[in-house]
Structures are given as structure tokens and as C-alpha cells.
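Inspection log for the structure reproduced underneath, given as C-alpha cells.
Letters A, B, ... mirror the listed sequences (proteins, then strands); counts begin at 1.
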Amino acid sequence: MTRQILVTNALPYVNGDIHLGHLVEHVQTDVWVRFQRMRGHEVRAFCGDDTHGTATMIRARQEGREPEALLEEMNERHREDLAAFDVIYDHYGSTHSPSNQKLVNEIWEALRGAGHVAERDVTQLFDPETGVFLADRFVKGTCPRCSAEDQYGDSCESCGAAYRPEELSNPVSALSGAVPELRTAPHFFVTLEDFRAFLEEWTQREGVLQPEIANWLMGSFLSEPLRDWDVSRPAPYFGFEIPDAPGHFFYVWLDAPVGYMSSTWDWCEQTGEDFDRWWRNPECEIHHFIGKDIAYFHTLFWPAMLKTAGQPLPRRVHVHGFLTVNGEKMSKSKGTFVLGRTYAEHLSPHYLRYYLASKLSDRVTDIDLNLEEFTAKVNADLVGKVVNLASRTARFLKNDSLTEVYPDDGGLFEAGAAAAEEIAAAYEACDSGRACRIVMGLADRANEYVEAKAPWALRKQPGKEEEVRAVCSVALNLFHQITTYLDPVLPRLGEGARALLGVEGPPRWDAAAVPLTARPVAPFRHLMQRVDPERVEAVVAASASSEAS
RNA sequence: GGCGGUGUAGCUCAGUCGGUUAGAGCGGCGGCUUCAUAAGCCGUAGGUCGGCGGUUCGAGUCCGCCCACCGCUACCA
């Protein structure tokens, strides 16, 4: 049965470049999307920039230009950076679009109409110099508990205390350095407790969330009355003005997830596709891929919005952990806060795709990029095992072709074909680490076979030409089978393997089930270079010296 | 503090429904090979499965308590 699948990624915030942390998610998603396409399903992937909020407004102001100019520049950079890693979207949009505004307004109307909106005053710190209300993170001051200086307005990094920004001693605005004052303004709230019964059911529904996320929601947010969600900000704010409340704007997180819909909408406009078939169709599976930091937006607020708007709910929300580098938080001073573009200047993006995919699972745990292991793993697994299979046999078939009938290989190819469903199940569950482990096992078996048959020895014996051809035909078929299984992770390697063996068309999962025969073998070219540790060092050095934003 | 998660070999991690002697890759050590991008193959060493207690014929696995680490705790996004 062909499934119809709509996939989204968390929308990168416009105020920064794509870094390796973003790429954990985009690679995980892209692997899943490519896998589903290989299986013959109808898949569309959408992403875009998250654009609204105070941060964008302030930065544009500082740079003396309109926010729209900043948005345009960053959108292009984000697209370039993701494309460099072979991450493909059907449409990469922006939350600052007419379609997004239209869709947000519709959802707002639904929330209002259903009586889920309340209004009340909020007192907040206000920066008199820039004229903006300050979110917790835009206030700095001295911790009221331990007196550590230069702490954010919500919590102290030194002693871990949590407090309200007005409790800070010596508070200053992080935007201007001015001393903030308290001001009161009306805000609109979504009364989330209205959705309790629905959320208790939906979040615990089998298959919608990973168990640890479902447990966490039940033990935290859902263990007490849900607080009202503050969804408006008084002017000035870069965002959409609330239609029935002039001078008030939608909080960025109200319109951000709607960006998934508007990105689809814009794609439909361009291609003539039917929007309702993708977003208002219970048959269409919607899959969100996000980081654990924004899990509650996607598992509480967003489903409540969709439910109110009468939309189908996500089939699954896939939550992943963060990336650490060499066991620590990414750090600009240590050169481990690496931008995608910095990495790609020195190293092949495919190395990173494989390394991340080999470590990703369906769990929410953080994954570590250990740079020594990165070098060793890519060289050992991809160059030493997989590519080596072709490298050590293809040239023996120069100007020749694969055998007319697939030779007896002791059941190796068949065993590889039999593993297809287990590997597919791992990809389906986002457990690409498991998929990679199984495939590397196949590569080990294949190398053992070549070792045992020793075609390099056979070819020195007169009259053994056909035997050499048979052994190499087996090795190249196993290579093709393996690269087919790895194609979601390493599409260019798959392409190279198909070019070597003259296979036409896009990658197909079932290509791993049937051996190739009687095909000419193209001259072998190296399909992948070894990782040079000096290049890894160069990435770290470049990251340490560059002003990463 | 509360909540969620994690803890298995030097490193990164598998370990299904509780079931023989706990596995893999990398790294180490010894050997073979020299077709292949210093790639490959064989062998070998290395573990009180965080600790204590319990259930059970049997616990890495289930239960309780404790310890350590990570994360989250709603108006940064």
C-alpha cells in the first residue's frame, strides 16, 4: 500500500546560520524521507525559516535595515547550507509570508470562536531606551541568591536558581544596557486546560510520541492544571498583528508551527497541488521531526491549535536529543561550535551524514560527535569496508561484464536480501544506527568472502578467468546491495555504485533483492576519499577563529 | 526542589518475552595477506552489567532504596 506522508523539520530561526546541531535533525529527517521514497511512498518534505520575534527586530534595527532584507539573506544562506549536505525539501519557506498570516488568522479565529482565548494584564520589564518589553533572556543582572553577576533574567547559570526577571539585583536590558522599568500591558492567552482530556488521550496514544516524551508530559505539564499560554506581545514586535486587537502581535511560537502548513501552501501554489489533500486529509500521515527543547510546543500547544481548527493531528512527533562535540556542549571558544558551511569548506558532508546516521536512534538521548571516532569510523566503515569491496574487485572486471547467471556465493546475497525488512524496520523507526550496524555486518561478510576466494591469486592461474569473473560479480553485487541499503544516508555513494554497474533511474529499495547480471562494469573511480585528520583540525581551527553568530 | 532519562570492555554502543559461558565496532596485543584509498582476514587479552537489597529454579533484564551524570521546569528561539 502506498502511503502519503508529509514530513517537517523544526524551522531554523532566522537569526543564525545552520550549525552541526541543526544538521543532526535535518540529516535524521532526510534519511527517513529518502528511505520512504525508496520504498515507493508518496513523500513531501517541508521546512522554512522561523522569522518572528524580538531578536529579529533588534538585529535588523542594529544593522539599520528592514527585517525583510535580513530574512531574505538568511533564507538563502539556510537553503545553501542544507543543500550542501544533500538535505532536500520540496519547499523551504518562511513564516513571514502572506500564506502564513492567512493560516494563523484562521486558527486564531477558531480559537476565539471556540472560547479558548482569555485576556488579562501582564506586568513585565520594559526597556525605555529601545521601547520594547523584555523577555527573560533579554534582561541581565546579579543573581538574587548567589550574587553571581551577568545572569539572565530567568535563571542563574552559576547556582541554578530560578527566579523572575524583576527579582534580579541591578537589572539591565541586554539590548541597550538601560535600566528596565516595570510596565503593564494586556496580553491574550490560550486557555490550555480546556484541552486536558484531549491532550491526556492524544499524548499517550500508541505511536504518537516516544515513551520517554509521553512519560515526561504526564509527569510534568499534565500532572497539574495547564497554565494559560501567553500568545500575544504588545507593539513593537516583529510578527503578525492580531486582526481583532490592533497594536498586539502574535507571539512567535503561535505562528512558527503554522509555517509547516504555509510552506506546504506555497508549494501547492507553485505546483498546482491540492493543499487540502496534504493538510486536511486524514489519510495523509504528518510527521514532525524536532529537538527535545521544543517538544512541549509540538505536543501541547500545536495539537491544541490543530484540534481547534478541525485539522487532522500529527501521526507522529519524532524527538531527538542534542549534539555534543568531544563529549561537551558545543563551544565557540573551543572551536566545537561548527557551522555547516565551515565544515563543508573542509570536509565532505557525506562523512557527517554517515557518522550522525550511525549514531542516531529513536531515543531522545544526546549524541556525541567525537572527532577522533569520526575519522576512524568513516575510514573504517565506508572506505575500508564498503567502498573497498568495489575497489578491490572492479578492476579485475575491466572491459568485462558481470556473469550472465549470478554465481553460487554460499547464500550471501540471499542472506543480504533477507535482511531487507529488518533494515527497513530500523529506518522506519528512525533507528538508523541499527540499520547501519546491520549493513556493516553484511559488508564484513562480503569482505570475508573476497578474502577467502582471493581473486588476485586466481587470476594468476591459467584457466581460472571465469572463476575470477564469478567472484568479482558476487563482490560487486554485494556492494550494490549494501550501497542500496545505505542510499538514504549516502545518496551519492549509491549514485556512484549505480553508475559503476550501469543501473538507471532513482534508487529503489527492492533493487537489493535481485542480483545484477550480464552488465558491463565501468572503469572504477574512487567513490569516497579517506578522512584526513588534518582537515578535521582545520574545521576546529576555523570555527574557533570565526565569529559564529 | 519536582519531573524525565542515562549508567554494560579503554572509547562508542547492542543486548528481544527474565533463560546456557554477556556481544559488536573502534582502540590494544600477536599473526596472515599484500587485490584494494596504510585498505582486508584470523587469533587474543579486556567486564563485580553504578551500589545495596528483594522477587524468582534462574536477574544486565522485573521491584524498592541509594549514588553519579545529563536534560527539562511554560513570556530566548
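- The partner of B:rG1, taking Watson-Crick or G-U wobble pairs whose two distances both stay under 3.5 Å, is B:rU73.
- Atom CH2 in A:Trp456 sits roughly 7 Å away from atom C1' in B:rU33 (whole-Å rounding).
- Here B:rG27 presents its P atom at 13 Å from CG of A:Asn370, a figure rounded to the nearest Å.
- Pairing for B:rA68 is with B:rU6, a Watson-Crick or G-U wobble pair whose two hydrogen-bonding atom distances lie under 3.5 Å.
- Atom P of B:rG25 sits at a distance of 23 Å from the matching atom of B:rU21, rounded to the whole Å.
- The distance between atom OH of A:Tyr354 and atom C1' of B:rC26, rounded to the nearest whole Å, is 11 Å.
- Nucleotides B:rC26 and B:rU16, compared at atom C1', are 25 Å apart to the nearest Å.
- Nucleotides B:rC62 and B:rG5, compared at atom P, are 12 Å apart to the nearest Å.
- When side chains are defined from C-beta on, A:His22 does not count as touching A:Tyr13, because their heavy atoms never get closer than 4.5 Å.
- B:rA14 and B:rU6: their C1' atoms are spaced 15 Å apart (whole Å).
- B:rA77 sits 27 Å from B:rC70 when the P atoms are compared, rounded to a whole Å.
- Other residues, nucleotides and ligands contribute more than 12 heavy atoms inside 6.0 Å of the CZ atom of A:Arg205.
- Residue contacts for A:Met218: at a heavy-atom cut-off of 4.0 Å it reaches no nucleic acid atom on any strand shown.
- In this structure, A:Phe479 atom CZ and B:rA36 atom C1' are separated by 13 Å, rounded to whole Å.
- Distance noted for atom P between B:rU8 and B:rG50: 6 Å (whole Å).
- With ring centers used as reference points, A:Tyr355 lies under 6.0 Å from A:Phe374.
- Distance check on atom P: B:rU12 versus B:rG58 gives 35 Å, rounded to whole Å.
- Rounded to whole Å, atom P of B:rG71 lies 14 Å from atom CG of A:Leu323.
- Among the heavy atoms of the strands lying under 4.0 Å from A:Leu527 is at least one base atom, whether or not backbone atoms are also near.
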* Structure fact -> In 5'-to-3' order, the base (B), backbone-only (S) or no-contact (-) status of each nucleotide in nucleotides 39-45 of chain B, using a 4.0 angstrom heavy-atom cut-off, is SBSS---
* Check step by step if salt bridge (Lys or Arg N to Asp or Glu O under 4.0 Å) holds for A:Arg469 and A:Glu465. => CA-CA 6 Å; A:Arg469 191 169 164 229; A:Glu465 293 80 8; over 6 Å; no
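- At the heavy-atom level, A:Arg363 lies under 4.0 Å from the strands shown only through sugar-phosphate atoms.
- Here the separation of B:rA38 from B:rG46, taken at their C1' atoms, is 26 Å to the nearest Å.
- Residues A:His350 and A:Leu493 fail the side-chain proximity criterion, which asks for heavy atoms closer than 4.5 Å.
- Of the candidate nucleotides B:rA74, B:rG5, B:rC3, B:rG5 has the atom nearest to the side chain of A:Asn215.
- In a base pair of the Watson-Crick type (N1 to N3 plus N6-O4 or O6-N4) or a G-U wobble (N1-O2 and O6-N3), with each distance short of 3.5 Å, B:rG30 is matched with B:rC42.
- Between A:Asp366 atom CG and B:rU6 atom P there is a gap of 13 Å when expressed in whole angstrom units.
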Pairwise N/O distances under 3.5 Å, protein to nucleotides 75-77 of chain B:
residue	atom	partner	partner atom	Å
B:rC75	O4'	A:Arg233	NH2	2.9
B:rC76	OP2	A:Asp136	N	2.9
B:rC76	OP2	A:Arg137	N	3.4
B:rA77	OP2	A:Tyr251	OH	3.4
B:rA77	O3'	A:Asp50	OD2	2.6

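- Across A:Phe249, A:Phe250, A:Tyr251, a single residue satisfies ring pair (Phe, Tyr, Trp, His ring centres under 6.0 Å) together with A:Trp108, and that is A:Phe250.
- Rounded to an integer number of Å, the gap from NZ of A:Lys292 to C1' of B:rG71 is 4 Å.
- The partner of B:rC57, taking Watson-Crick or G-U wobble pairs whose two distances both stay under 3.5 Å, is B:rG19.
- Rounded to whole Å, the distance from CG on A:Asp368 to P on B:rU6 is 18 Å.
- A cation-pi arrangement is absent between A:Arg183 and A:Phe133, since the terminal nitrogen or guanidinium carbon is not both under 6.0 Å from the aromatic centre and inside a 45° cone about the axis.
- Nucleotide B:rU12 is matched to B:rA24 when pairs are restricted to Watson-Crick or G-U wobble geometry with both distances under 3.5 angstrom.
- Between A:Tyr237 and A:His248 the shortest side-chain heavy-atom distance does not fall below 4.5 Å.
- A cation-pi contact, defined as under 6.0 Å to the ring centre and within 45° of the axis, is absent between A:Lys398 and A:Phe524.
- Shown here is A:Glu534, whose CD atom has no more than 12 heavy atoms of other residues, nucleotides or ligands within 6.0 Å.
- At most 12 non-hydrogen atoms from other residues, nucleotides or ligands lie less than 6.0 angstrom from CD of A:Glu372.
- Within the 4.0 angstrom heavy-atom criterion, base atoms lie near A:Val387.
- Interatomic distance, A:Arg492 CZ to A:Ser348 OG, rounded to the nearest 0.5 Å: 7.5 Å.
- When both distances must be under 3.5 Å, the Watson-Crick or G-U wobble mate of B:rU48 does not exist.
- The 5' end of RNA chain B is approached more closely, in terms of each residue's nearest nucleotide, by A:Glu212 than by the other of A:Met528 and A:Glu212.
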